[in-house]
Structure formats: C-alpha cells, structure tokens
Amino acid sequence: MAFENQYIQQRIEKANQLKELGINPYANNSDRNTTIAKFMNVNSDIGTLEDKRDENRHYIVAGRIKLFRLMGKASFLKIEDESGLLQIYVARDNLPEGFYNTIFKKNIEVGDIIEVGGYPFVTNKGELTLHVSDLKILTKAISPLPEKFHGVTDKEIRYRQRYLDLIMNAEVRKTFHTRSRVISLTRRFFEDKGFLEVETPMMHPIAGGANAKPFVTLHNALGVERYLRIAPELYLKRLIVGGFEAVFEINRNFRNEGMDATHNPEFTSIEFYWAYKTYKDLIVITKEYFEYLFDHLELPTLLPYGDLEVDFSKFTEIPLVESLSVIGNVPEAIVNDKEKIIAYLKEKHIDVNASMNLGQLQGELFDEYVEGKLINPTFITHYPVEISPLARRNDENPELTDRFELFIAGREIANAFSELNDPVDQLERFEGQMQAKESGGDDEAHEMDEDFVIALSYGMAPTAGQGIGIDRLVMLLTNEHSIRDVLLFPAMKPQTQETKPEEEE
RNA sequence: GUCUUGUUAGCUCAGCUGGUAGAGCACGUCACUUUUAAUGAUGUGGCCGUUGGUUCGAAUCCAACACAGGACACCA
C-alpha cells in the first residue's frame with residue numbers, strides 16, 4: 001500500500017491532530033501579498049537601519065519549509081517559494097497563546113507549505129529575516145523530504161519523481177526556466193520575422209519527413225493504423241504549396257528507436273519553411289537566431305560545454321566532401337571514389353555494407369572522422385543527394401544538394417535545405433528510397449508519400465526549410481550532457497510491480 | 001541491441017577473505033528565545049532490488065531476471 005511507511009503514518013497522524021484542533025491542513029486559500037524575491041529586494045535596506053528592523057512594514061509570504069531549527073521557545077526556519085529562499089523567525093511570545101507549543105512545535109515540520117506574516121529584521125549574524133506574528137499551514141506534506149544537506153542525487157528518483165528533484169535542486173529549476181525561455185524566445189524570433197505558427201497532425205497515415213522507425217497506433221473508428229509523426233516536414237511544405245510563405249511549428253516528434261544521453265523517444269523540434277528563400281538565407285537567419293538567443297539569455301559568446309569551450313562568434317561553413325579531408329584528414333584522393341572509400345574503411349576496421357552508394361559512404365566518413373571535431377558552430381554544406389531525399393539539387397552539381405547541417409560541440413543541432421519542389425524528381429527520390437528499403441540495405445529509408453508528390457505537382461514556390469532540435473540546443477545552452485536533464489519527464493521503463501493476481505488463472 | 005558498473009533505513013552512504021545490519025541527516029521524547037547542515041541527551045526505524053543456487057550458515061559467493069548510470073551500435 002502507498003502510505004504504510006512509518007514516517008508517513010506519523011505525518012498523517014499530525015494532519016489528523018490539526019483537523020481535531022479545527023485547523024484544515026489543506027487550506028483553501030492564501031493571503032500571500034508578496035514573493036520571497038520581492039521581500040528580499042524591498043527590504044534590502046533593513047540592515048542599515050538603527051534597530052536593524054522596521055515593525056511598521058508587514059508582509060505575508062508563503063512557501064515550503066526546507067529547514068527547521070527549533071531552539072526551545074524560538075525557532076528559525078527557511079521557507080522557499082519559486083522566487084527564492086527566506087529565513088523566518090518564529091518565537092512563542094509573538095504568536096497567539098498556546099499556538100507555538102501545541103500546533104507549531106508538534107504538527108508543523110519540514111516539507112509543509114505555510115504562510116507567515118510579520119515584519120523584516122536583520123539577525124545578529126546579518127541575515128534578512130521575517131519576524132513572524134502570524135503563521136498558517138496551507139498544505140501538510142505527509143511524505144518526508146530527502147535529506148537536507150545531500151538532497152536527492154539518485155538519478156532514478158530524480159527522473160521518476162521529478163517533483164522531488166525540483167523541490168530539492170534549485171539548479172534543476174533553473175535549467176527548466178532556461179528551457180522555457182528558449183522556446184518562448186524562439187517563438188518570438190520567428191513571429192517577429194513574419195512567420196506564422198501552425199499546427200500539423202501528430203498522427204500520420206504515412207510516417208514521412210525523416211528516416212526513422214515510427215510508433216504505431218490504431219484508430220478504432222476508421223479501423224486504420226496511424227503513425228506518431230517522426231517529422232512535420234511534409235505537412236508544412238503542403239502549407240507552402242497552399243500559399244503560406246513563412247510557417248513554423250514547435251512541437252514533439254516521436255521516433256521508435258534507442259534511448260541514450262542524446263535520444264529520447266519523444267523530442268521537441270522547431271521546423272520552419274520560408275518561401276522565395278534558399279539555404280543561404282537560412283545560414284543568415286540561423287546566425288541571427290543564435291545571436292538573438294545569446295542576447296536575451298545573457299550568455300557569453302565563449303560558452304563552456306563540459307571540457308569544451310564553444311565560440312559562438314565563430315560560425316564557419318565548409319562543404320561536406322571538403323570537410324572529409326580538411327577536417328577529417330581522410331586522403332583527398334579517395335573521397336569521391338566508392339571503391340576506395342570501402343577499402344579505406346575496411347582498413348580502419350569499420351564495417352560497411354558493400355551495397356552502399358557513394359553519398360552514403362561519404363556520410364559514413366563524415367560521421368566517423370569529422371562530426372566529433374566540429375566544436376565551434378560549423379555549417380556543413382552540399383550533402384550528397386543520396387542521403388538527402390527531400391532536398392533540392394545543386395545547380396552546378398546535381399549529385400549534391402543545397403543543404404546544410406549545423407554542428408556545435410560535436411553534435412548536429414540543425415538540418416536545413418532548399419526544398420526539392422520538382423514533383424517528378426521527388427517521386428523518383430521516393431522510389432529510390434523504396435528500393436533501398438526493399439534491397440534490405442536501409443530499413444529506415446523514407447516512405448513513399450504519393451499525396452505529398454501530388455501536392456508538389458500543383459507547384460511549390462522555391463522554398464528553404466530548417467529543423468532545429470530544441471532539446472539538444474537547450475543542453476548546449478545549459479551545459480547539460482544528458483537529454484534527460486533537459487526533459488521534465490524523460491522516458492523511463494516501467495518499474496515492475498508485483499504480478500497481478502487476476503492474471504494467474 | 002552489446003559491454004560495463006550499481007541497487008543496503010524516508011534521503012546520503014559504510015558494511016574486508018561468508019557467521020544473520022551500521023553511521024549521518026530525518027523522525028519520536030527531553031533541554032534550549034538570534035540559529036546558519038544549530039547544539040546536547042536519548043530512542044524508534046531494514047523482504048540488504050527479485051527469484052533460484054552453493055553452504056551448517058548469504059547483504060557478502062554464483063546464476064538468471066528487473067530497474068538505473070556509463071560506454072559502444074543506430075539515430076536527431
């Protein structure tokens with residue numbers, strides 16, 4: 001059972017005692033009239049006063065008890081609200097007759113949420129403190145909090161019971177404040193640029209827009225399977241066909257793949273599509289976007305990330321094939337020769353499927369020798385057409401695409417390209433992907449989406465589009481190294497319960 | 001999916017080459033009206049992740065399983 005623990009039983013008993021005394025331990029309302037941060041701010045002058053106190057000021061604050069130091073007829077407590085931590089001084093003789101001994105000392109403890117009224121003063125040790133004359137319990141906590149000094153460090157508890165993590169760890173709260181700011185700023189940035197925020201389906205008849213395994217669900221009324229979306233791309237481009245010229249969507253994608261420090265089955269991205277623009281315009285807007293974020297988040301352009309230091313004033317560009325030799329130190333003579341790449345990789349004991357085409361092999365080389373070395377922001381441009389089924393071919397070299405991916409701290413942060421708007425080419429690319437799937441080489445190849453090809457057949461203006469992984473971006477900006485630390489409720493395996501008795505028949 | 005490390009009180013952790021459980025905090029009781037992880041005294045609290053095996057005897061050794069962390073593989 002849930003509440004059989006002895007400490008919880010003790011606390012339930014205290015809640016019952018409060019009820020018997022006519023005090024509801026789950027109060028209906030609070031008369032709080034300021035936050036702790038405002039209290040600290042407004043009363044920062046108290047220490048300069050002659051008595052170090054001002055009994056004419058009166059504030060009511062509320063918060064959770066984090067520390068309880070009881071010293072006979074007086075106590076010091078620390079209470080915390082979202083804005084900060086405040087010491088309060090509670091003395092017997094300042095409270096109604098009997099309150100201190102029968103209610104306060106006996107039935108109020110660490111973890112409870114209380115409301116206190118009183119005046120500000122500064123203690124002998126120099127700490128701004130609220131001198132309490134009224135105290136009311138707002139919410140009784142019947143489960144005890146983790147230990148006051150070490151807090152909760154067990155990652156499993158922190159993720160499964162995130163509320164405990166948030167109660168105990170102020171820096172975790174700060175990370176999620178930053179995450180919220182990033183999303184809010186992103187929205188504002190694109191709105192200010194004239195983009196329209198749209199919502200496209202989360203349940204797709206065809207899992208398109210990326211190469212990934214989807215989650216499958218069943219729509220009972222229609223009797224059909226639906227896929228949780230792996231990307232919103234094909235719907236957003238349909239909107240460009242429809243005449244919207246700049247759209248964006250910030251939302252979740254779902255991919256039925258492994259979980260690790262940089263992958264969660266559901267993750268947040270922004271995708272935006274911009275008509276009459278090319279990938280070169282996207283490079284410009286991406287730089288502006290980062291500048292905007294750093295400005296508003298007040299981050300230094302020389303940003304530490306673990307052992308690394310990322311210089312956000314130094315965005316560079318380099319074509320993918322060139323990066324193989326220049327950054328990856330792969331011999332220049334082999335990078336455009338399929339057989340030589342296979343031989344080279346074999347020599348380095350890297351397994352490759354012999355049926356891979358040149359573009360895929362160049363992608364392999366890039367992943368192996370270049371990606372991890374891209375610390376400062378780097379736009380890798382001109383991806384091979386074979387690994388870019390939705391991107392426009394380059395005018396000078398049709399084997400390449402007008403595409404880039406942005407890498408920072410050795411990780412992909414964004415993927416962008418001038419969109420393929422030739423419907424016949426798009427159809428052929430889908431067919432090529434289907435072949436790759438059937439020949440067994442690539443079980444995550446892109447699905448055929450005929451309806452999308454038909455949409456393109458009505459004409460999509462030249463358009464550039466980009467996706468940015470918000471979770472990884474937040475990781476970068478908050479110096480976190482696991483995606484779980486920037487997701488409030490990361491995916492976890494269920495904990496095994498005792499076997500259900502009714503299923504034993 | 002593979003490898004690897006971990007799982008002991010509400011929390012943070014000890015527990016050696018097997019002899020049947022320890023600390024700090026928290027909690028209970030007592031003292032204490034300016035403390036800073038308050039202090040002093042005293043007490044309660046354990047399916048030692050689960051299941052099996054070895055053994056006279058298992059928190060400890062072995063195996064399987066579950067969950068978690070890390071690394072690799074795949075992906076964003």
Side-chain angles (χ1 to χ4, degrees), chain A residues 3-11 13-14 52-53 66-78 85 87-95 100 105-106 109-111 121-127 129 131 141-161 164 167-168 209-213 230-231 252-269 271 350-351 363-364 367 371 405-407 411-415 442-444 467-473 475 481-485 490 492-499:
Chain A
F3 298 140
E4 67 191 10
N5 177 282
Q6 54 167 332
Y7 302 106
I8 296 179
Q9 283 300 320
Q10 270 175 23
R11 284 174 166 252
E13 185 45 39
K14 289 184 182 187
K52 296 189 187 289
R53 66 187 56 220
K66 299 296 290 286
L67 274 174
F68 201 127
R69 286 192 277 268
L70 193 150
M71 301 171 306
K73 297 177 189 66
S75 301
F76 285 94
L77 287 74
K78 294 243 168 152
L85 196 63
Q87 175 163 275
I88 64 173
Y89 175 74
V90 183
R92 185 191 65 185
D93 297 342
N94 302 317
L95 293 169
Y100 187 85
K105 263 167 73 173
K106 296 287 179 191
E109 59 204 313
V110 171
F121 78 111
V122 168
T123 63
N124 293 343
K125 298 284 165 63
E127 182 165 348
T129 302
H131 196 284
I142 62 167
S143 283
L145 287 185
E147 197 235 2
K148 63 186 170 190
F149 187 59
H150 299 93
V152 56
T153 59
D154 184 294
K155 291 219 165 164
E156 188 165 1
I157 297 174
R158 289 187 44 219
Y159 298 146
R160 285 193 199 276
Q161 294 177 272
L164 271 184
I167 289 171
M168 300 307 294
N211 302 343
K213 293 191 195 95
I230 58 175
R252 232 66 68 78
N253 295 322
F254 306 86
R255 298 193 184 174
N256 207 340
E257 289 163 352
M259 293 155 56
D260 62 25
T262 55
H263 296 85
N264 193 69
E266 50 181 308
F267 64 99
T268 300
S269 71
E271 286 201 13
I350 297 163
D351 268 345
E364 287 291 319
D367 292 345
E371 182 169 3
E405 289 197 358
L406 172 62
F407 292 85
R411 265 192 215 128
E412 184 191 336
I413 295 293
N415 179 21
D442 187 357
D443 65 342
E444 287 180 357
I468 302 172
I470 297 290
D471 310 288
R472 291 184 181 178
L473 178 61
M475 285 168 69
H481 294 258
S482 170
I483 195 168
R484 295 179 201 98
D485 291 318
M492 300 288 277
K493 283 195 196 177
Q495 286 163 308
T496 41
Q497 302 294 321
E498 62 275 19
T499 48

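Naming convention: chains lettered A, B, ... in sequence-line order (proteins, then strands); numbering from 1 in each chain.
Residue contacts shown for A:G467 are absent, as no nucleic acid heavy atom lies under 4.0 Å away. A:K148 comes within 4.0 angstrom of sugar-phosphate atoms only, judged by non-hydrogen atoms across all strands, and of no base. Contact annotation for A:I8: no contact, since no heavy-atom pair falls under 4.0 Å across all strands. When heavy atoms are screened at a 4.0 angstrom cut-off, A:N94 is found touching no nucleic acid atom at all. Among the atoms of the strands shown, only primed sugar atoms or phosphate atoms (P, OP1, OP2) are found under 4.0 Å from some heavy atom of A:T153. Residue contacts shown for A:Y89 include a base, since a base heavy atom lies under 4.0 Å away. Among the protein residues, A:R53 comes within range of the nucleic acid bases, having at least one heavy atom under 4.0 Å from a base atom. Within 4.0 Å (heavy atoms only), A:M492 reaches sugar-phosphate atoms of the nucleic acid but no base atom. Using a 4.0 Å heavy-atom cutoff across all strands shown, A:F121 reaches at least one base atom of the nucleic acid. Contacts of A:R160 with the nucleic acid, taken as non-hydrogen atoms under 4.0 Å apart, involve only primed sugar atoms and P, OP1 or OP2. Among the heavy atoms of the strands lying under 4.0 Å from A:I157 are primed sugar atoms or P, OP1, OP2 only; no base atom is included. As judged by a 4.0 angstrom heavy-atom cut-off over every strand, A:K52 is placed among residues making no nucleic acid contact.
Looking at heavy atoms from C-beta onward, A:F267 lies in side-chain contact with A:R255 at the 4.5 angstrom threshold.
The base of B:C11 does not come close enough to the side chain of A:D154 for any donor and acceptor atom to sit less than 3.5 Å apart. For B:A73, its base never sits under 3.5 Å from the side chain of A:D367 at any donor and acceptor pair. A donor-acceptor contact under 3.5 Å links the side chain of A:T123 to the base of B:U36.
In this structure, A:R484 reaches the B:G69 phosphate: one of its side-chain N or O atoms is under 4.0 Å from OP1 or OP2.
Look at the P atom in both B:A21 and B:G49: the space between them is 14 Å, to the nearest Å. Comparing B:C65 with B:C16, their C1' atoms are spaced 29 Å from each other, to the whole Å. B:G46 and B:U7 are spaced 15 Å apart, taking the C1' atom of each and rounding to whole Å. Nucleotides B:C61 and B:G18 have their P atoms positioned 8 Å apart, rounded to a whole Å.
Across all strands shown, the partner of B:G43 is B:C27, judged by Watson-Crick or G-U wobble contacts whose two distances both fall under 3.5 Å.
Closest to the side chain of A:V152, from the set B:A68, B:U12, B:A38, is B:U12. In this structure, of B:U35, B:A76, B:C27, it is B:C27 that holds the atom nearest to the side chain of A:K14.
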